[in-house]
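Structure record follows, encoded as structure tokens.
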Amino acid sequence: MKYDHKKIEKKWQEKWEKQEAHKIADTEQGKKNYYTLVEFPYPSGNLHIGHWYAFAVPDIFARFKRMQGHNVLFPIGFDSFGLPAENAAIKNKVDPEKWTYENIARMTEQLKSMGASFDWSRQFATSDPDYYKWTQWLFLELHKKGLAERGKAIVNWDPVDKTVLANEQVLPDGTAERSGAQVEKKELEQWFLKITDYAERLLEDLGELNWPEEIKQSQREWIGRSEGAEIKFPVDGKYKFVLLHGFKATPSDNFHPWLKKELEKQGHEVVVPLLPNTNEPNEEEWVETVLSATDYDEKTIICGHSLGAVTALKVAEKLQDKIAGITLVGGFIDPRFKDHSRNFENTFKWEFDVRKIKNITGFIKILHDINDIAVSGEQAKRLGKTLGFPVATIEAKDSHFCGTQEPDVLKAIIPSINIFTTRPDTLFGATYLVLSPEHEAVENLKSQISNWDEVFQYIGIAANKPEIERTADNKEKAGVELKGIKAINPANNEEIPIWIADYVLAEYGTGAIMAVPAHDQRDFEFAGKFKLPIKNVIEPVFVQKTEPGKVREGKDFVERDAIIAIVKHWSGDKYIGLKWKQVDWDTLITGGIEEGQTSEEAAVAEIIEETGYRNPKLIKELPCTHSKFFHVPKDENRFAHFSALYFELENGDHDEISLEEKEKHEVVWLTREEMERFRLPESHRFSWNCLFDDMHVYLGDGTLVNSGKFDGMKSEDAKQKITEFVDGKKKTIYRLHDWLISRQRYWGCPIPIVYDPDGIPHPIPEKHLPWLLPKDVDFTPTGEPPLASSEELKKRTEKIFGEGWRPEYDTMDTFVDSSWYFLRYIDPHNEKEFASQEKLKKWMPVERYSGGAEHTTMHLLYSRFFHKALFDLGLVNKKEPYRERLNRGIILGTDGRKMSKRWGNVIDPDEHVKMVGADSVRMYLAFIGPYNAVGHYPWDTGGIAGTRRFLERVWKLQKKIQRPDSSVQCPELERLLHQTVKKVTEDIKNFKFNTAISTLMICVNMLDKQDAIMQSEYKSLLLLLAPFAPYITEELWGRLGLTAENTSIHTQKWPTHDEQKIQEQTFTIAIQVNSKVRDELEVSVEDEREEIEEKAKSLDKVNKWVQDKEIWQIVYIKGKLLNIVTKENS
RNA sequence: GCUGGAGUGGUGGAAUUGGUAUACACGUGCGACUCAAAAUCGCAUGCCUUAUGGCUUGAGGGUUCGAGUCCCUCCUCCAGCACCA
């Protein structure tokens, strides 16, 4: 009978489904639970070959694990929210829900044809309300813990389609994929998940994970930790501060006397007017007093405390000329206090001309005390929102900033720019500041910037530049100086200019940097272009790491002041080098500085001594360097401090060199080119480079110079000391940003939030979950998010929460859905919990997770974060969700290119299944290459015919079962079978399906050579093959007609091997002469080494090569080889 | 540029971790069966050479009796990050 794959596969698929063969229980007697996972698919509508590769191949492992006696959870579902459904809706006017669920139905059928052992009873789609109810519930749990917050974020806005675009809808040139319009930036209030709170743990816990290094490294980079310091640079010198006290206070109350003293100490002018009738204040009187207390100009800063803060705003409304800024300490916007009302409720007007205030002042700073007894956080937030400035929430010394000293107020009151640097040791070399064009200080200092038009223009250019242009390779640096203001370098109190430039990114660090052109490549380029000063503050320290001169461990260093001299020829473009005779190194002229000598004197003395030339003329001094090396002739570790000097010889006059010097080294004249190839130590090389590069950027660590009292300190120590010296803050920052989850889209999980009439967000109570996605939505782009068009949603919200309330219109990023799906598989029908604790404990963590390399950073990082957050909430009991992760490779088209409609090289799996059967397709995919490596494997039509051929041979083998099981087994065959069991078992464990199959092929080739085989032998083969080819093995197993075990092959026990039976009795070993194979020898296990040696020596071929040479040694590796080494060849 | 991974026949890829390089499969060639073709089966197949023999794991060097595997230098490709302070 022929192998009819169509008939067989149909038959067993139906049977398995009817029997619910792959349904698994949460516990099974005597079996250990094992959870293996594959990434669930997006229901795009068609199953492609990539899906087969992703699901059918790991199924081999799941089936294997099951036969080994585990209770294996191997689930499948659909990641069904997302953009394509919505695009289909816009384009073809189909309902996204209908589109999605029709696709799911179609793909389910295709998936079942694979013969994968998925437990379909656990299947779900993330767009099922039963599922997203729990996505919403988990979001609210995170919200409760402060891990979900609102913030401003820039979105891509398509001005033609009037819609927000996802990043993937924007082409690299900054135009919209669909409309072709230039995408604009728009700032919206959106929801963030605070993944940065977990940055450190996400990084740290990578260590213990059994993941490929490649993936861990990618995640480390994505998190991008860097350690450094935040340092404040005060802006400009002198201001006039007008301090306004509050209700029932005077200038001598609270922090005012102290603050006045501190500010005056720094050279600022301070005015603290006494405000009249402090117990019964009146707006007009107070404002009048303040206005007549002093003059106001662009150097004036008004700082109001409590009611003084309100007064400050009222004063601003009345001012004629611009002022520098306003600081509100414990301010408020209406007389709704936490404790009790005050009697100025009616004597002040609680309306503010915000436009006027913002026009007249550069900046507004709002300080709120977290423990304020009178002013609530809510009130502070309202104040910030009304004025449009952020609120800084801090802990005051005394509630409502009533302490006699409030250092935070002092810090906040002086305009300053906060920068982040990883190199605080170079602070003395900071010769200018650079802010990102978006930096808030630019707007805040507007009133003091004299070239505002120019600055404004530059900001406009920078803002509209598409991302790639801004970050393009080797882009020419651009920027504008903020004229009229200066910053103060806090280390040396020098005034330095402030620039804005787009090479500084707003979203990293503080959005501002100190530029140290001498020790940073980018700053160096920028300084070069705009002729900014470059100040060297680090002298390099080179440590010799290679011989000769490699530093000897454990020996003390002898410190020496020394010189390096570069000497140029009197007429040619040649320079002196020294070739050392006793030591294998080349140097420039070098030597120690004696007591009382200047470096120039020492250098001249060395030149004369070592070369004999009499007339060197000092041309210039080069930067100093330091070097740690092992001085071979002196036999000691040296720490040399080099002064480097450049000389030109005036003429060729020279004396004879002493014999002693001649023995030490040879003097050679080298052209510049030859000097490049001269093997100079690093410190000499550095000096040489300095001669030709006008200024040399040195990026490494070293010894400080030009740094006041820190001179001579090592970079490493100076980092901390200088940070402390300028009152900076040690800080660790991450490249990773908070996770923006708001999407202005329809087909996603609704964010379970509603807004009250004041616009304050509130979580939707659990009893209203799932908060359903409305169906009456208009998809034509209007500029509003789609959910805003739903009448039903609006009515639903008002009915439950009251009039004036509105729902959140944004939906969630689909990565949220997929951040916890693996937990739902464990308990997919639970209506009371996202999954029961008891069941979670039974299954988690996922032992092995296989997926695509494209999810290395996003999905894997997001779901790790989610899981850690749930761990902290006590909702899961493991720190990490996945114990082992494997990234699979990609199947390419037959032409070796990525499969794409464009190339016409797309492989249709259904077609191949029809032609050769699912078993052959599965096996071919498993055979194509190692599954546990990210390879790219071209599809080969000949290759798949090969696996089909293999299965045909297995099929035909059944005719050869003609030897009774009681007959004597051929020892060779028996050994091969045991070896096959061992190798296949190990390979499947390691996901090396390709070599497992090749082992099975070897086994079949051997069986095929026999005239007759035993049923037991055939059974072993089928069992080993069962995970790979589930249909054909099930059929063949059935045909064996085994009454006692006439059940599915897939519930049988996995065969085991006997190590004893693998041991061979005789082997062929290689006989080598001088490591070259010359002959082979049959030896038995019992043979002694001496015996084998004697036999080998008597071989003709061996004698031919050994001849009469003396044998030096014989190497014997048991079971492998014997190597006869003769004397001449050793 | 930085980081990680990799480079083996005409092709996909093996190699027990330092021990006979090129398993297994594809492709190709020859043969058998056939009137013929397909399918199937058998044999051959790294390169050079007349058999003997020599060469060969991106290139060069080193360690070793012995290196695809370990060390150094360089080249190429792939992936991630990239003006990240």
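The basis for the numbers below is simple: all heavy atoms, side chains too, and nothing from hydrogens, waters or symmetry mates. Letters go in sequence order (proteins before strands), and every chain restarts at 1.
The base-pairing partner of B/G68, taking Watson-Crick or G-U wobble contacts with both distances under 3.5 Å, does not exist among the strands shown. The partner of B/C41, taking Watson-Crick or G-U wobble pairs whose two distances both stay under 3.5 Å, is B/G31. Summarising the base pairing, B/A23 is matched to no nucleotide, lacking a Watson-Crick or G-U wobble pair whose two defining distances lie under 3.5 Å.
Regarding the sugar-base torsion, B/U17 falls in the syn class, its angle being within 90° of 0. Glycosidic conformation of B/G9: syn, with the torsion inside 90° of 0.
Here the OH-CD distance, from A/Tyr432 to A/Glu481, works out to 11.5 Å after rounding to the nearest 0.5 Å. Atom CD of A/Glu854 and atom CG of A/Asn887 lie 8.0 Å apart (nearest 0.5 Å). Here the CD1 atom belonging to A/Ile223 is positioned 9.0 Å from the CD atom belonging to A/Glu200, to the nearest 0.5 angstrom.
Residues A/Trp1105 and A/Arg953 both approach RNA chain B. Their nearest nucleotides, taken by heavy-atom distance, put A/Arg953 toward the 5′ side. Mapping A/Lys1076 and A/Ala512 onto RNA chain B by nearest heavy atom places A/Lys1076 at the nucleotide closer to the 5' end.
Remark: A/Glu1082 engages no residue in a salt bridge (charged side-chain N to carboxylate O under 4.0 Å, His left out) (not counting sequence neighbours). Residues satisfying the ring-ring contact (aromatic ring centres under 6.0 Å, His included) test with A/Phe233, not counting sequence neighbours, are none.
Separation of the A/Phe526 and A/Phe524 ring centroids does not fall under the 6.0 Å cut-off. Proximity of the aromatic rings of A/Trp499 and A/Phe530 is defined here by a centroid distance below 6.0 angstrom, and this criterion is met.
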For residues 921-932 of chain A, which side-chain donor-acceptor pairs fall under 3.5 Å, sequence neighbours excluded?
| from | atom 1 | to | atom 2 | distance (Å) |
| --- | --- | --- | --- | --- |
| A/Arg922 | NE | A/Phe1028 | O | 3.0 |
| A/Arg922 | NH1 | A/Asp59 | OD2 | 2.9 |
| A/Arg922 | NH1 | A/Met114 | O | 3.1 |
| A/Arg922 | NH1 | A/Gly115 | O | 3.1 |
| A/Arg922 | NH2 | A/Asp59 | OD2 | 2.8 |
| A/Arg922 | NH2 | A/Pro1027 | O | 2.8 |
| A/Tyr924 | OH | A/Asp940 | N | 2.9 |
| A/Tyr931 | OH | A/Tyr53 | O | 2.7 |
| A/Asn932 | ND2 | A/Asn990 | O | 3.0 |

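The shortest side-chain heavy-atom distance between A/Pro497 and A/Leu532 falls under the 4.5 Å cut-off.
Using a 4.0 Å heavy-atom cutoff across all strands shown, A/Pro930 reaches sugar-phosphate atoms only and no base atom. Nucleic acid contact for A/Arg948: none, since no nucleic acid atom lies under 4.0 Å from a heavy atom of the residue. Counting any heavy atom pair closer than 4.0 Å across all strands shown, A/Gln521 reaches no nucleic acid atom. Contacts of A/Gly224 with the nucleic acid, taken as non-hydrogen atoms under 4.0 Å apart, are absent. Residue contacts for A/Thr1068: at a heavy-atom cut-off of 4.0 Å it reaches a base atom on one of the strands shown.
The distance from atom CG of A/Leu736 to atom C1' of B/A82 is 16 Å, rounded to the nearest whole Å. One can place CZ of A/Arg220 at 15 Å from C1' of B/C2, the figure rounded to the nearest angstrom. Counting to the nearest Å, the C1' atom of B/G12 and the OH atom of A/Tyr53 are 11 Å from each other. Regarding A/Ile733, its CD1 atom lies at a distance of 8 Å from the C1' atom of B/A85, rounded to whole Å. What separates NE2 of A/His737 from C1' of B/C81 is a distance of 14 Å, to the nearest Å. Rounded to whole angstrom, the span from the CD atom of A/Glu438 across to the C1' atom of B/C83 amounts to 14 Å. The separation between A/Ile928 atom CD1 and B/G27 atom C1' is 15 Å, rounded to whole Å.
Checking B/C81, B/G53, B/C26 against the side-chain heavy atoms of A/Arg1078 singles out B/G53 as nearest.
Judged by distance alone, with hydrogens and angles left aside, the side-chain atoms of A/Arg225 form no donor-acceptor pair with the main-chain N or O of A/Thr732 at under 3.5 Å.
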Between A/Arg735 and A/Glu221, does the salt bridge (charged side-chain N to carboxylate O under 4.0 Å, His left out) criterion hold? Intermediate values first, please. CA-CA 8 Å; A/Arg735 206 187 67 92; A/Glu221 257 161 44; over 6 Å; no
Check the pair A/Arg885 / A/Glu39 against salt bridge (charged side-chain N to carboxylate O under 4.0 Å, His left out), numbers first and verdict last. CA-CA 11 Å; A/Arg885 165 77 188 190; A/Glu39 285 162 1; 2.8 Å; yes
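The stretch residues 999-1013 of chain A touches RNA chain B through A/Met1001, A/Ile1002, A/Asn1005, each having a heavy atom within less than 4.0 Å of the strand.
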Under-3.5 Å N/O pairs linking protein and nucleotides 15-19 of chain B:
| from | atom 1 | to | atom 2 | distance (Å) |
| --- | --- | --- | --- | --- |
| B/A15 | OP1 | A/Lys992 | NZ | 3.2 |
| B/U16 | N3 | A/Lys1120 | NZ | 2.7 |
| B/U16 | O4 | A/Lys1120 | NZ | 2.5 |

Give every pair of a protein N or O atom and an N or O atom of nucleotides 77-80 of chain B that lie under 3.5 Å apart, one pair per line with the distance.
| from | atom 1 | to | atom 2 | distance (Å) |
| --- | --- | --- | --- | --- |
| B/G80 | N2 | A/Glu221 | OE1 | 3.1 |
| B/G80 | N3 | A/Glu221 | OE1 | 3.4 |

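Look at A/Arg949 and you won't find any side-chain N or O under 4.0 angstrom from OP1 or OP2 of B/A39. For A/Arg735, a side-chain nitrogen or oxygen approaches OP1 or OP2 of B/A82 to under 4.0 Å. When the side-chain nitrogen and oxygen atoms of A/Tyr937 are compared with OP1 and OP2 of B/G12, none of them lie within a distance under 4.0 Å.
Just one of A/Asp523, A/Asn489, A/Thr426, A/Ile417 meets the side-chain contact (heavy atoms from CB on, under 4.5 Å) condition when paired with A/Met514; it is A/Thr426.
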